[in-house]
Amino acid sequence: MVREEAMAARRAELQLLQHLEEEEESKGKRKRGRVELRRIEDRTSRQVRFSKRRTGLFKKAYELSVLCDAQVALIVFSPAGRLYEFASSTSSVEEIFGRYWDLANTINDLNIEARDSTVDCNIQGNGSRCGRDEHDPDKQLGGNSNRRSGSYQE
């Protein structure tokens, strides 16, 4: 008997919650969730959304830099052309982007060297292999690859 009363009370509570949710939806309040990704036509709404999203993005960049001791640089241009930037406390935007460009150029050079050595290898004879490791990209970059075959393992 007590169990039936408890179940009846729970059903009534669920019905009340559903009714309250329906009222909120009918009043125009929306739940948080996925936003349809398309341009916001209303200029004021677009500016408000940009400002809030920018703040959240900068907060995430700061948290990543502090929690993970990562060097983070973030540059955002507003629709009006204003510049907003963030850099980790231990460095500047210029320093981090300079490091990025140095790395990008190094990777570019490695790709050129790999392509050239592959051509040299293929010229040796009708498709014969030359026995060097330039065909294996992991061995080109020093041998120890962090990639694992198969599924993820701890």
Side-chain angles (χ1 to χ4, degrees), residues 1-115 118 129 132-154:
M1 182 85 170
V2 173
R3 187 173 184 174
E4 291 175 7
E5 290 175 3
M7 290 185 70
R10 180 69 182 146
R11 271 189 243 119
E13 184 180 352
L14 287 173
Q15 286 176 348
L16 179 62
L17 286 173
Q18 287 175 347
H19 179 70
L20 290 174
E21 286 176 0
E22 289 171 2
E23 281 183 5
E24 282 184 14
E25 287 178 10
S26 66
K27 290 180 183 177
K29 292 185 180 179
R30 292 191 317 169
K31 295 180 185 177
R32 289 186 183 182
R34 292 194 179 261
V35 176
E36 184 182 343
L37 292 180
R38 61 179 171 78
R39 185 175 188 271
I40 299 169
E41 296 301 324
D42 181 49
R43 188 175 181 184
T44 305
S45 297
R46 187 171 55 243
Q47 178 58 38
V48 168
R49 178 74 56 91
F50 172 80
S51 181
K52 287 181 179 181
R53 289 287 180 117
R54 184 192 70 230
T55 303
L57 185 61
F58 278 75
K59 182 179 176 185
K60 290 288 185 187
Y62 169 75
E63 290 171 356
L64 181 64
S65 71
V66 171
L67 294 173
C68 301
D69 197 27
Q71 283 190 320
V72 178
L74 176 63
I75 294 177
V76 176
F77 284 97
S78 72
R82 290 194 186 102
L83 169 67
Y84 299 92
E85 61 182 6
F86 168 82
S88 309
S89 60
T90 58
S91 54
S92 68
V93 172
E94 293 83 8
E95 184 180 327
I96 295 173
F97 275 96
R99 185 174 168 196
Y100 167 77
W101 284 116
D102 291 344
L103 181 64
N105 291 336
T106 302
I107 290 172
N108 232 354
D109 292 343
L110 287 174
N111 288 336
I112 291 169
E113 289 173 16
R115 185 181 66 227
T118 302
R129 293 197 175 255
R132 292 185 298 187
D133 292 328
E134 62 264 4
H135 296 290
D136 187 351
D138 294 335
K139 291 182 181 176
Q140 284 178 357
L141 299 175
N144 293 333
S145 171
N146 290 331
R147 283 188 265 158
R148 295 184 177 142
S149 60
S151 61
Y152 178 77
Q153 301 170 358
E154 288 274 338

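Please read these numbers as outputs of a predicted model, since none were measured by experiment.
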For [X], what residues pass the side-chain contact (heavy atoms from CB on, under 4.5 Å) criterion, not counting sequence neighbours?
X: Asp42; result: Thr44, Ser45
X: Leu83; result: Ile75, Phe77, Glu85
X: Arg10; result: Glu13, Leu14

So with a 6.0 Å cut-off around OH of Tyr84, is the heavy-atom count from everything else above 12? yes
Please report the shortest heavy-atom distance between Ala73 and Ile96, naming the atom on each side. CB-CG2, 3.7 Å
Main chain of [Y], side chain of [X]: is a donor-acceptor contact present, judged purely on distance under 3.5 Å?
X: Ser92; Y: Ala87; answer: no
X: Ser51; Y: Val48; answer: no
X: Ser78; Y: Ala80; answer: yes
X: Thr106; Y: Asp102; answer: yes

Rounded to the nearest 0.5 Å, what separates atom [atom1] in [X] from atom [atom2] in [Y]?
X: Arg11; Y: Gln15; atom1: CZ; atom2: CD; value: 8.5 Å
X: Ser88; Y: Leu64; atom1: OG; atom2: CG; value: 8.0 Å
X: Ile40; Y: Phe50; atom1: CD1; atom2: CZ; value: 11.5 Å

Is any side-chain heavy atom of Val76 closer than 4.5 Å to a side-chain heavy atom of Phe58? yes
Can you tell if the side chain of Arg46 reaches within under 4.5 Å of the side chain of Arg49, non-hydrogen atoms only? no
